[in-house]
2 protein chains.
Amino acid sequence: MHMGADCHHAEGAHPGLTGPVLADALVLAERRCAATQERLTTPRRRVLELLLEADGPMKAYDLIAAFGAHGEPAKPPTVYRALEFLERLGFAHRIESLNAYVPCRMDGQGHRAAFVICECCGAAEEFEPDFATQLAAAAPSGYAVRTVTLEARGLCPACQA
Amino acid sequence: MHMGADCHHAEGAHPGLTGPVLADALVLAERRCAATQERLTTPRRRVLELLLEADGPMKAYDLIAAFGAHGEPAKPPTVYRALEFLERLGFAHRIESLNAYVPCRMDGQGHRAAFVICECCGAAEEFEPDFATQLAAAAPSGYAVRTVTLEARGLCPACQA
DNA sequence: TCCGTTATGTTATCTCATAACGCATCATTA
DNA sequence: TAATGATGCGTTATGAGATAACATAACGGA
């Protein structure tokens with residue numbers, strides 16, 4: 001988790017997965033890949049594992065540094081390719097305003113991702129927005145919207161205290 | 001404007017300002033700075049001018065390259081500082097998903113910016129969203145949201161044809 | 001005029017991301 | 001099984017985006 005320099009609060013809602021819970025999540029990912037003829041190869045699986053183990057959003061170069069089992073870093077393209085795959089399948093999301101990545105916390109594939117980001121402790125919480133009607137009304141007339149990126153910033157419950 | 005490689009459509013809604021219209025916009029910015037004890041210094045004014053002249057979102061290094069009157073580039077901090085100032089005063093916005101900057105097209109200061117971005121021609125249209133109620137309901141409970149970044153992607157009217 | 005504050009100029013470096021190439025792997029089909 | 005095509009990986013190098021740190025200059029109030 002990337003905390004603000006002076007954040008003294010407890011961590012947010014997503015401590016990293018470990019042990020059987022982590023293993024289950026990876027097995028589930030394997031199954032979803034198998035069901036769509038996609039391959040969860042070693043580097044892809046490793047990057048997903050790192051995201052799931054993390055307490056919060058991870059930067060690409062954090063993933064690169066943590067990639068090897070014995071401290072050897074990966075080469076950048078290895079990790080960026082894996083991230084591209086994981087995003088395509090909905091296993092991970094990029095948070096634009098942080099240049100960072102999180103594992104998807106929602107069950108469904110193909111959903112629209114939205115995040116609230118705590119400015120104090122760095123936690124990022126995914127939620128499922130319901131834009132459709134609103135956006136249709138608010139957007140300049142005539143645009144055919146295909147995807148939406150929504151990133152809100154504020155304070156998580158712990159950091160408001 | 002940063003067009004998609006194969007976009008053959010006419011340009012979007014914001015051709016760059018020139019002549020008296022551009023001059024008026026800069027004068028207006030001067031006035032708004034004066035009213036709040038802020039200084040629209042030479043590099044700040046120059047970067048704002050470049051944004052207003054442009055047909056679409058500009059990258060920081062485009063601004064750096066175009067900064068000098070006779071082709072000499074600026075140093076990166078010069079432009080990044082100016083952009084920081086312009087964003088702070090609401091004269092410009094950063095579009096996170098493009099790593100690019102646009103001049104503000106809305107009158108009011110302190111508004112929340114939102115954009116629709118054409119995936120074909122690269123046009124970016126600003127609009128004023130109305131999140132408040134929706135976001136309060138949709139966001140994970142307890143977050144105190146302070147700012148919202150909304151960037152939608154799709155096709156502008158011209159590029160749907 | 002002095003002094004604190006704000007802004008700029010400059011150098012260097014850091015972070016983030018991708019291009020380009022060749023080889024390996026896997027599935028398909030002959 | 002071997003040829004083949006598609007996909008993915010390893011590697012080198014470089015491109016793109018942004019900031020740290022420090023010195024100097026300009027402004028504004030006491």
Side-chain angles (χ1 to χ4, degrees), chain A residues 2 4-5 29-30 33-51 57-69 72-89 91-102 122 151, chain B residues 2 4-5 29-30 33-51 54 57-69 72-89 91-102 122 149 151:
Chain A
H2 302 286
E30 294 273 17
C33 284
T36 56
Q37 315 279 86
E38 298 281 358
R39 295 157 59 197
L40 189 63
T41 59
T42 306
R44 291 168 176 178
R45 184 187 161 97
R46 176 57 176 154
V47 170
L48 177 56
E49 182 180 31
L50 288 169
L51 291 174
M58 288 202 69
K59 303 271 196 175
Y61 275 71
D62 293 340
L63 294 165
I64 286 164
F67 186 86
E72 333 80 46
K75 304 289 172 60
T78 300
V79 165
Y80 280 105
R81 286 166 179 160
L83 288 169
E84 181 183 13
F85 171 85
L86 295 172
E87 286 195 77
R88 179 162 59 80
L89 268 70
F91 291 134
H93 301 293
R94 173 180 165 81
I95 301 182
E96 297 286 348
S97 61
L98 297 177
N99 292 349
Y101 302 84
V102 291
E151 297 173 11
Chain B
H2 303 285
E30 295 274 17
C33 285
T36 56
Q37 316 278 86
E38 299 280 358
R39 296 157 59 197
L40 189 64
T41 59
T42 306
R44 292 168 176 177
R45 183 188 162 97
R46 175 58 177 152
V47 170
L48 177 57
E49 183 180 30
L50 288 170
L51 291 175
M58 287 201 70
K59 304 271 199 173
Y61 275 70
D62 293 341
L63 293 165
I64 287 165
F67 186 86
E72 333 80 48
K75 305 287 172 63
T78 301
V79 165
Y80 280 105
R81 286 165 179 161
L83 287 170
E84 181 184 14
F85 171 86
L86 295 172
E87 286 195 76
R88 178 162 60 80
L89 268 70
F91 291 134
H93 301 294
R94 172 179 165 82
I95 301 182
E96 297 286 349
S97 60
L98 297 178
N99 292 346
Y101 303 83
V102 291
T149 299
E151 296 174 13

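Lettering follows sequence order; numbering is per chain, from 1. Below, all heavy atoms of this structure are taken into account, side chains as well, without hydrogens, waters or symmetry copies.
Side-chain contact check for A:L51 versus A:L83: some heavy-atom pair is nearer than 4.5 Å. A:Y61 places a side-chain heavy atom less than 4.5 Å from the side chain of A:P76. B:R94 is listed as a side-chain neighbour of B:Y101, based on a closest heavy-atom distance under 4.5 Å. Side-chain contact check for B:L89 versus B:F85: some heavy-atom pair is nearer than 4.5 Å. Residues B:I95 and B:V102 are in side-chain contact: their nearest non-hydrogen atoms beyond the backbone lie under 4.5 Å apart.
Protein chain B contacts DNA chain C over a range whose 5' and 3' limits, counting nucleotides with an atom under 4.0 angstrom from a non-hydrogen atom, are C:dA7 to C:dT11.
With hydrogens and angles disregarded, a donor-acceptor distance shorter than 3.5 Å links the side chain of B:K59 to the backbone of B:L98. Looking at B:R44, its side chain does come within 3.5 Å of a backbone N or O of B:R39 through a donor-acceptor pair. In this structure, the side chain of B:R46 engages the main chain of B:F67 through a donor-acceptor pair within 3.5 Å. In this structure a side-chain-to-backbone donor-acceptor pair under 3.5 Å is present from A:E151 to A:S97.
Going from atom CD of B:E38 over to atom C1' of D:dC27 covers 14 Å, rounded to whole Å. Computed from coordinates, the A:I64 CD1 to D:dT11 C1' distance equals 14 Å when rounded to whole Å. Taking atom CD of A:E84 as the reference point, atom C1' of D:dT7 lies 12 Å away to the nearest angstrom.
A:L86 CG to A:R45 CZ: the interatomic distance, rounded to the nearest 0.5 Å, is 12.0 Å.
No more than 12 heavy-atom neighbours from other residues, nucleotides or ligands sit within 6.0 angstrom of CD on B:E84.
Residue A:T41 places at least one side-chain N or O under 4.0 Å from the OP1 or OP2 atom of D:dC9. For A:K75 and D:dG10, the shortest distance from a side-chain N or O to OP1 or OP2 is not below 4.0 Å.
Mapping A:R39 and B:R39 onto DNA chain D by nearest heavy atom places A:R39 at the nucleotide closer to the 5' end.
Shown for residues 42-50 of chain A: no residue has heavy atoms falling under 4.0 angstrom of DNA chain C.
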(request) Produce a footprint string for nucleotides 14-22 of chain D: one letter per nucleotide, 5' end first; B if the base is under 4.0 Å from any protein heavy atom, S if only the sugar-phosphate is, - if neither. (result) ---BBBBB-
